Number of protein chains: 2
Amino acid sequence: MNEQLRAISELDRVIHEPGRLMIVALLAGVKECDFLFLLNETRMSRGNLSTHLTKLETAGYVEIEKTYRGKVPMTLLRLTRPGRKALDEYRKGLMAAF
Amino acid sequence: MNEQLRAISELDRVIHEPGRLMIVALLAGVKECDFLFLLNETRMSRGNLSTHLTKLETAGYVEIEKTYRGKVPMTLLRLTRPGRKALDEYRKGLMAAF
DNA sequence: GCAGACTAGTTTTCTACACAAACTAGTTTT
DNA sequence: AAAACTAGTTTGTGTAGAAAACTAGTCTGC
């Protein structure tokens with residue numbers, strides 16, 4: 001079996017999902033942002049964004065900090081070091097495949 | 001919203017699934033092959049390979065020809081022109097994103 | 001000062017799909 | 001002629017993604 005193909009079948013599914021790939025790619029560029037920023041950039045529904053973020057958190061790829069902007073709740077997101085690494089690996093896998 | 005991200009959310013899900021991406025990438029390189037060749041190259045289960053192929057056929061991306069090698073059934077697979085195009089578009093979308 | 005609208009998300013529900021196990025139709029072997 | 005093998009397909013099931021419904025709290029108009 002061909003090496004390029006093996007790379008495809010070994011892609012990280014957590015990152016591979018387009019919704020989450022968008023999130024992770026965005027976070028990789030900004031080092032921190034809030035929920036509403038992601039909501040606006042990705043055009044996902046709130047529920048969707050929330051569950052994808054929870055999944056990324058569970059995977060250890062994203063840190064979720066709940067805080068306030070004045071009296072209004074605000075959720076801050078950051079890519080963790082493992083998250084960064086997972087994205088890099090994913091990129092490498094893709095590039096190897098194509 | 002950022003253009004690169006839009007490209008990610010618009011990736012063709014039929015192609016995006018790793019199992020099918022492997023199949024399509026392989027078919028793009030050989031122009032015709034049989035079921036067993038794909039089975040061997042991808043290391044998928046037979047059932048899995050079969051359903052992915054049916055899905056690709058339904059999408060119009062792959063042609064399935066059922067024939068015989070002597071008395072033994074043989075299934076030939078080919079990427080269709082739309083299939084080729086879909087793969088190219090998919091590649092473009094990915095490259096735009098990274 | 002409280003009723004209703006709004007904000008910022010979370011939880012629940014529903015649908016679809018990937019995967020594997022079981023099955024089928026026919027062939028070869030012993 | 002039974003058993004084992006080939007080349008797949010169909011069926012069943014658990015998981016996951018998307019949408020809808022819900023929650024907790026804040027702001028605004030009357």
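None of the values given here were measured: they were computed from a predicted structure. In what follows, every heavy atom counts, from backbone to side chain, and hydrogens, waters and symmetry copies are set aside. So you know, we letter chains A, B, ... as the sequences are listed, proteins then strands, and number each from 1.
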Colleague: Looking at residues at least two apart in the chain, or sitting in another chain, which of them share a salt bridge (charged side-chain N to carboxylate O under 4.0 Å, His left out) with Asp12(A)?
Modeller: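 For Asp12(A), no residue satisfies salt bridge (charged side-chain N to carboxylate O under 4.0 Å, His left out) once neighbours in sequence are set aside.
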
Colleague: Does the side-chain contact (heavy atoms from CB on, under 4.5 Å) test come out yes or no for Arg20(B) and Val14(B), once each step is laid out?
Modeller: CA-CA 7 Å; Arg20(B) 288 189 296 265; Val14(B) 174; 4.0 Å; yes

Colleague: Below 3.5 Å is the cut-off: list the nitrogen or oxygen pairs between protein and nucleotides 10-15 of chain C, distance only.
Modeller:
| unit_1 | atom_1 | unit_2 | atom_2 | d |
| --- | --- | --- | --- | --- |
| dT10(C) | OP1 | Lys66(A) | NZ | 3.0 |
| dT10(C) | OP2 | Ser50(A) | OG | 2.6 |

Colleague: Is there a donor-acceptor pair under 3.5 Å between the side chain of His16(A) and the backbone N or O of His16(B)?
Modeller: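 It does hold such a pair.
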
Colleague: Please tell me which of His52(A) and Val72(B) maps to the more 5' nucleotide of DNA chain D, matching each residue to the nucleotide holding its nearest heavy atom.
Modeller: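 Result: Val72(B).
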
Colleague: NZ of Lys55(B) versus P of dA16(C): gap in Å, rounded?
Modeller: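 Going from NZ in Lys55(B) over to P in dA16(C) covers 10 Å.
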
Colleague: For Arg13(B) and dC17(C), give me the distance from atom CZ to atom C1', rounded to whole Å.
Modeller: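 Rounded to the whole Å, the gap is 11 Å.
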
Colleague: For Lys85(B), which residues count as a salt bridge (charged side-chain N to carboxylate O under 4.0 Å, His left out) partner, sequence neighbours excluded?
Modeller: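 By the salt bridge (charged side-chain N to carboxylate O under 4.0 Å, His left out) rule, Lys85(B) matches no residue at all.
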
Colleague: Would you classify Leu36(A) as touching base, sugar-phosphate or nothing, given that sugar-phosphate means primed atoms plus P, OP1 and OP2, and contacts are heavy atoms under 4.0 Å?
Modeller: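 The answer is sugar-phosphate, as Leu36(A) gets under 4.0 Å only of primed atoms, P, OP1 or OP2.
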
Colleague: Both atom distances under 3.5 Å, Watson-Crick or G-U wobble: I'd like the secondary structure of DNA chain C as a dot-bracket string, with | for pairs made across strands.
Modeller: ||||||||||||||||||||||||||||||

Colleague: Find the distance His16(B):NE2 to dC17(C):P and express it as a whole number of Å.
Modeller: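 Atom NE2 in His16(B) sits about 14 Å away from atom P in dC17(C).
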
Colleague: Could you work out, with side chain to side chain donor-acceptor pair (under 3.5 Å) as the rule, every residue matching Asn48(B), not counting sequence neighbours?
Modeller: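 For Asn48(B), no residue satisfies side chain to side chain donor-acceptor pair (under 3.5 Å) once neighbours in sequence are set aside.
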
Colleague: Going 5' to 3' along DNA chain D, which nucleotides are the first and last within contact of chain B (any atom under 4.0 Å from a heavy atom)?
Modeller: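 Endpoints of the contacted stretch of DNA chain D: dA7(D) to dA18(D).
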
Colleague: Per the ring pair (Phe, Tyr, Trp, His ring centres under 6.0 Å) rule, what does the pair list look like for residues 30-49 of chain A, sequence neighbours excluded?
Modeller: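 Passing the test, one end in residues 30-49 of chain A: no pairs.
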
Colleague: With sequence neighbours excluded, give me every salt bridge (Lys or Arg N to Asp or Glu O under 4.0 Å) pair touching residues 72-81 of chain A.
Modeller: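 Sorted pair list: Glu32(A)-Arg78(A), Glu63(A)-Arg78(A), Glu65(A)-Arg78(A).
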
Colleague: Give me the other members of the hydrophobic cluster that Met74(B) sits in, counting Ile, Leu, Val, Met, Phe, Trp and Tyr linked by side-chain heavy atoms under 4.5 Å, directly or via other members.
Modeller: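 Members alongside Met74(B): Leu76(B).
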
Colleague: Glu10(B): which residues meet the salt bridge (charged side-chain N to carboxylate O under 4.0 Å, His left out) condition with it, sequence neighbours left out?
Modeller: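 Here no residue qualifies.
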
Colleague: Please name all residues satisfying salt bridge (charged side-chain N to carboxylate O under 4.0 Å, His left out) with Arg46(A), sequence neighbours left out, ordered by chain then number.
Modeller: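 Partners of Arg46(A) under the salt bridge (charged side-chain N to carboxylate O under 4.0 Å, His left out) test: none.
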
Colleague: Tracing side-chain links under 4.5 Å among I, L, V, M, F, W and Y, which residues wind up in one group with Tyr68(A)?
Modeller: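 Result for Tyr68(A) is none, singleton.
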
Colleague: Which part of the nucleic acid does Met74(B) contact within heavy-atom distance under 4.0 Å: base, sugar-phosphate only, or nothing?
Modeller: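 Answer is sugar-phosphate: Met74(B) comes under 4.0 Å of backbone atoms only.
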
